[in-house]
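Worksheet for the structure shown next.
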Number of protein chains: 2
Amino acid sequence: MARRNEHSREELREMALAAAETLLDQQGSEALSTRKIASAIGYSAGSLYQVFKNYDDLCWQLNQRTLAMLLVALEQAVASAPDQALQQYGQQYLAFAAQWPQRWSLLFEHRTPLDLETPETLEQAIAQLFGKIEQPLSQLFTDRSAEQISEAARTLWAGVHGIAVLRAHNKLFQVQDGADAMASTLLERYILGWQQEISA
Amino acid sequence: MARRNEHSREELREMALAAAETLLDQQGSEALSTRKIASAIGYSAGSLYQVFKNYDDLCWQLNQRTLAMLLVALEQAVASAPDQALQQYGQQYLAFAAQWPQRWSLLFEHRTPLDLETPETLEQAIAQLFGKIEQPLSQLFTDRSAEQISEAARTLWAGVHGIAVLRAHNKLFQVQDGADAMASTLLERYILGWQQEISA
DNA sequence: ACCTGAACACCGTTCAAGT
DNA sequence: ACCTGAACACCGTTCAAGT
């Protein structure tokens, strides 16, 4: 058998990615494999190479979808006050990591063998994420330079990300999940502290 | 051939872990395997199961050694002033992550299949890490409760950890490595902001 | 008791062969 | 052109067999 042509390339790609997401959610990235994905959609493993360069490429495409979902989730923040907007971003980010733990950890733990080339689209999406945080920050700190705003955005995002990472690995050792409160005080105290600094 | 008995169990364990560390440093966790480790020390893969429960157990033992190294590295902080001590811990942590990127990322990215049982010794070592940060914090904030100090220690460590994670994955998008400065301002502004808060 | 080598059930990836 | 199934070079893990 061959030449079935039941599905277009794009359909095959979509089916494979959807099946991969289900497998990922249910069994984690460790258990994900080309053979399982192919079997889930009724194709042979080899046929995936029509649509993906290799397993690494498949992971990047999964990550791109995850990142798109994350950006949509962050759109849900609707606060008017800039400090409230930052708080909402933080909470949404933690909520997303909790809702999609496997997709979220693949997004940040996946490495290409020698970091050959991180796909540019993915880099751009992450830059977009930073941009979202820079906006309320620049409203709060009108006298700071763009470089300072940019550094603060990276720092705060890294901070909230770190909280999400440690929670995902059960390294917070909290009786009750304190991640939300931690992110909240992190943002609040950082902003307050920065406001106290002598502006350059 | 069998029954060589050239090495004691403990010697075999040590040889395997040392070989694993070399492989890990040179080729990353993805390339690490029982077969390669065994071959590097002149044993068959099966013989490793005398000394390790499974590959997961081997990774945990590697991680335990990494964590011990990290704790030693943090001992090098010698500041007297509590805020300086926190800054030194932050810098030492980032320096360690930069010096041993593969060991450090195995330490935080390795998951046991269903998080069956994170080894208790490892949990204790991480608790020790938190304790180190709580000490200068409680000197700075004498009027805060132990719970508040504990939460702040977790938050700040998570923050610095997040910076290290994003740097390790080249997600900081800085022309020049700004991780040190980011950690420094994170700690400084958090402390300053907390001092401004009305104490409960 | 210790260790091996083959075996088993998996991987990612390639590619001749079939339609 | 599309797809398969076998093949190749890898995995982790087990275990009968050998000393």
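Quick note on labels: first sequence line is chain A, next is B, and so on, each numbered from 1.
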Using heavy-atom distances to pick each residue's nearest nucleotide on DNA chain D, tell me which of A:Gly46 and B:Asn54 is more 5'.
A:Gly46
Taking [atom1] from [X] and [atom2] from [N], how many angstroms apart are they, rounded to a whole number?
X       : N      : atom1 : atom2 : answer
B:Arg9  : C:dC2  : CZ    : C1'   : 10 Å
A:Asn5  : D:dC3  : CG    : C1'   : 10 Å
A:Gln27 : C:dC11 : CD    : C1'   : 15 Å
B:Tyr55 : D:dT14 : OH    : P     : 16 Å
A:Tyr49 : D:dT4  : OH    : P     : 14 Å
A:Lys53 : C:dT13 : NZ    : P     : 10 Å
A:His7  : D:dA1  : NE2   : C1'   : 16 Å
B:Leu32 : D:dG12 : CG    : C1'   : 12 Å

Answer for the Watson-Crick or wobble partner of D:dA7, both distances under 3.5 Å, is C:dT13
Counter-base of C:dG18, judged by Watson-Crick or G-U geometry with both distances under 3.5 Å:
D:dC2
I'd like to check A:His7 versus A:Ile41 (side-chain heavy atoms, cut-off strictly below 4.5 Å). Are they in contact?
no
Are any side-chain N or O atoms of A:Gln76 and backbone N or O atoms of A:Val72, one a donor and one an acceptor, separated by less than 3.5 Å?
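Yes.
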Return yes if some donor-acceptor pair links the side-chain N/O of A:Thr185 with the main-chain N/O of A:Ala181 below 3.5 Å, else return no.
yes
Just to be sure I understand the rule, does B:Tyr43 reach a base, reach only the sugar-phosphate, or reach nothing, if contact means heavy atoms closer than 4.0 Å?
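Touches sugar-phosphate only.
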By the 4.0 Å heavy-atom rule, please label A:Ser33 as base, sugar-phosphate, or nothing.
sugar-phosphate
Quick check on C:dT4: is either OP1 or OP2 less than 4.0 Å from any side-chain nitrogen or oxygen of B:Ser44?
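Affirmative; the distance criterion is met.
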So does B:Lys36 get a side-chain nitrogen or oxygen closer than 4.0 Å to the phosphate oxygens (OP1/OP2) of D:dC11?
yes
Under 4.0 Å between a side-chain nitrogen and a carboxylate oxygen: does that hold for A:Arg154 and A:Glu151?
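Here A:Arg154 does not pair with A:Glu151 in a salt bridge, since their nearest N and O are not under 4.0 Å apart.
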Side chain of B:Arg35 only, heavy atoms from C-beta on: which candidate in C:dC11, D:dT4, D:dT13 is closest?
D:dT13
Please name the pair of heavy atoms, one in A:Tyr55 and one in A:Thr34, separated by the smallest distance, quoted to 0.1 Å.
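Minimum heavy-atom contact is CD1-CG2, 3.7 Å.
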